[in-house]
Each structure stands twice: as structure tokens, then as C-alpha cells.
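Below is one structure, written out as C-alpha cells; comments come after it.
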Amino acid sequence: MSYFSDSRKIYWFLEHERADEVRKMHRLVGNAIVDDCHIVVGAGSTQVFQAALYALSDADAPQPKNVVSVVPYYKTFQSITDFLKSGLYKWAGDALTYDSNAPYIELVTSPNNPDGYLNEAVINRAGGKLIHDLTNYWPQYTSITKPADHDLILFTASKCTGHAGTRIGWALVKDPEVVRRMSDFLLLSSIGVSKDSQLRAAKILRAIREGMKVKAQVLESDSSSLVVDS
């Protein structure tokens, strides 16, 4: 079993079957626009988040880029950001109290963990980059009001299907250069992502998607019967 899934692509470790099922699931649920996005897969959303921080940072900057999020935020975000003690980025706390003119990365989590609020970006300054963490934006957690359309969105099998131990997360990314840099991080940190985990996750998504279709057909049939009976 080779490292490579498709050597012609930037993200050569992404299994086609996995990417196809991700796109189909998002289209079925309606929680994200996938047509103009690349998919970057990682070992859970944790690794994908680290890859995104790396990709959105500037290697030539004199100071690390500040990473912020609205309080209350998932406490592990700070630990993940500072764990590598990178010179590219550092945790800078609450986005609501951020008063620096320096470049920044704002992590927008919606629905938020731990309070469930539907957050939006709050800083909105020039030089800022956004990572939208929508790992909880699935119908079992909240109403899907519209498909998300952002430059970089994080998802994970942990929240999508409950298969946390499969260790598969993914990002929907619009900018090919960001995709390239994220792929560089994943290459250097783990030489891609487990094919076994990707294929397992693809089969899980397919089973759920097919089950949803069957349920929808049953409900439609039951509804038609009620109309006829009345």
C-alpha cells in the first residue's frame, strides 16, 4: 500500500472515495458548499487545525501571528496552538478584547463548544485570517439554516458520525495555496493520513447517507398514505 492516493494532486494522500463521500454528505445535509472547495484530510480536526495555523501564518513575519477566539472557547484550542512553541503563531486569548493592530487568525466556532452559540467573526480587521470550526454544524446538534460558505472550514468524523477513534477530520478550503501549505504540514508531520482510516470513514459516511435516504423515502411514503386516507 503506497503513501500516494493520487500523485497528480496537491493533497496526494487523500483517497478519492473519501473525498467523494464527504462531498455527497455535505450536499445531502446542506451544511456546507463544497463545489468550489478543496478537501484536506487529517488525523482528526486537531491535526487539520494545526495544519491550518501553519498555512495561514507568514514565515517571514517578525513576530508570531496572534490566534484568538471568543470566550468561552474549547480550552484545548490554546493547548494545541502553543504546544509546538511555534515561531509562526501563538495564542492571544479572547477575540472580544483583542486590541492589537498586528495580523491575527480568528477561530470562529459555530455552534460553539461549550455553550452552543452560533458565533460569527468579531474582529473584522485588515490583515486578519479566519478559521471556521463547524464541527458541530450537523442536524443532530443544531438546525441547518443555510450551507456554510467560508474560506476554510473544519469538520470531523468525531462529531459528524460519532466515530472519534477513527481519527479523521477534514477541511473545506478555497485557496489552492493554503491547500498546498496545509498539505506540506501534513506531509512533514505524518507523511499523509492513514488510508485505512480514510476508507473506513468513507464507508461509514456512505452507510449513514444511504440510511438517511431510505428514511426520507419511508417518511414520504407515509405522508402520501395519510393524504390518500384523509
Side-chain angles (χ1 to χ4, degrees), residues 4-59 65 67-69 77 80-81 86 88-89 103-110 119-121 123-124 127-138 146-160 167-195 197-198 201-202 205:
F4 294 90
S5 296
D6 190 342
S7 60
R8 298 168 297 177
K9 294 183 178 179
I10 303 172
Y11 37 95
W12 46 261
F13 45 82
L14 175 63
E15 286 290 320
H16 174 75
E17 183 180 350
R18 170 64 184 162
D20 188 47
E21 287 301 327
V22 165
R23 294 184 188 280
K24 288 179 179 178
M25 178 61 80
H26 282 303
R27 290 186 182 118
L28 179 62
V29 173
N31 63 346
I33 294 175
V34 295
D35 294 337
D36 298 325
C37 292
H38 302 269
I39 297 173
V40 180
V41 66
S45 60
T46 297
Q47 189 184 32
V48 181
F49 174 51
Q50 289 177 317
L53 292 178
Y54 174 82
L56 297 179
S57 299
D58 185 356
K65 186 169 287 188
V67 182
V68 296
S69 189
F77 285 143
I80 295 170
T81 302
S86 174
L88 299 177
Y89 49 83
Y104 66 91
I105 299 172
E106 183 179 351
L107 178 62
V108 183
T109 306
S110 183
N119 290 336
E120 296 181 356
I123 301 178
N124 298 315
K129 300 290 186 180
L130 298 178
I131 299 174
H132 282 82
D133 178 1
L134 303 189
T135 55
N136 289 306
Y137 193 44
W138 295 98
K146 62 180 179 180
D149 185 18
H150 305 294
D151 290 337
L152 198 162
I153 310 175
L154 305 182
F155 289 99
T156 176
S158 173
K159 301 297 173 59
C160 172
R167 303 310 305 139
I168 286 292
W170 65 94
L172 303 179
V173 187
K174 291 186 177 182
D175 187 343
E177 178 59 21
V178 174
V179 172
R180 185 191 66 78
R181 286 179 56 79
M182 291 180 72
S183 298
D184 286 345
F185 178 92
L186 291 161
L187 169 62
L188 293 172
S189 62
S190 57
I191 317 181
V193 182
S194 166
K195 288 188 175 184
S197 292
Q198 289 190 65
L205 285 179

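Proximity of V22 to L205: side-chain heavy atoms (C-beta onward) are separated by under 4.5 Å at one or more points. Residues Y11 and S5 are not in side-chain contact: their nearest non-hydrogen atoms beyond the backbone lie 4.5 Å or more apart. Proximity of L152 to M182: side-chain heavy atoms (C-beta onward) are separated by under 4.5 Å at one or more points. Put simply, the side chain of D175 does not reach to within 4.5 Å of the side chain of D151, judged on heavy atoms. Contact of the L14 side chain with the K9 side chain is not registered, since no non-hydrogen atoms from C-beta on lie closer than 4.5 Å. Inter-residue side-chain proximity for W12 and L187 is flagged as met; some heavy-atom pair is nearer than 4.5 Å. Contact check for S190 versus F13: no side-chain heavy atoms found under the 4.5 Å cut-off. Here the side chains of I131 and L154 are in contact, with some heavy-atom distance below 4.5 Å.
Between atom OH of residue Y89 and atom CG of residue D58 there is a gap of 14.0 Å, rounded to the nearest 0.5 Å. Of the inter-residue distances, the one linking S189 atom OG with D184 atom CG reads 10.5 Å to the nearest 0.5 angstrom. Rounding to the nearest 0.5 angstrom, the gap separating the CD1 atom in I105 from the CD1 atom in I123 is 11.0 Å. One finds the CG atom of N31 at 6.5 Å from the OH atom of Y137 (value rounded to the nearest 0.5 Å). Atoms CD and CG, on E106 and L56 in that order, are 12.5 Å from each other to the nearest 0.5 Å. Rounded to the nearest 0.5 Å, atoms CE (M25) and CH2 (W138) are 6.0 Å apart.
For the residue pair S110 and N119, the shortest heavy atom distance occurs at OG-N, 3.3 Å. Between V48 and V41 the shortest heavy-atom distance is CG2-C, 4.3 Å. Closest heavy-atom contact between I80 and F49: CG2-CD2, 3.7 Å. Of all the heavy atoms in R181 and A55, the pair that sits closest is NE-O, 3.0 Å. Of all the heavy atoms in P147 and I33, the pair that sits closest is CB-CG1, 3.8 Å. Between P176 and H38, the shortest heavy-atom distance links the atoms CG-NE2, 3.9 Å.
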Legend entry - Intermediate values then yes/no, side chain to side chain contact (heavy atoms under 4.5 Å, CB included), R27 and V34: CA-CA 8 Å; R27 290 186 182 118; V34 295; 3.7 Å; yes
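The aromatic rings of F155 and H26 lie tilted to each other, with the angle between the two planes from 30° to 60°.
Judged by distance alone, the side chain of Q198 and the main-chain N or O of E15 form a donor-acceptor pair under 3.5 Å. Listed for the R167 side chain is no donor-acceptor partner under 3.5 Å among the backbone atoms of S197. Under a 3.5 Å cut-off, the side chain of S69 and the backbone N or O of L107 do form a donor-acceptor pair. Using a distance-only test at 3.5 Å, with no hydrogens or angles considered, no donor-acceptor pair links the side chain of K65 to the main chain of G128.
For the pairing with S45, the side-chain contact (heavy atoms from CB on, under 4.5 Å) check across T156, L134, D133 returns one residue only, T156.
With a 6.0 Å radius and a threshold of 12 heavy atoms from other residues, nucleotides or ligands, N124 has its CG atom above the threshold.
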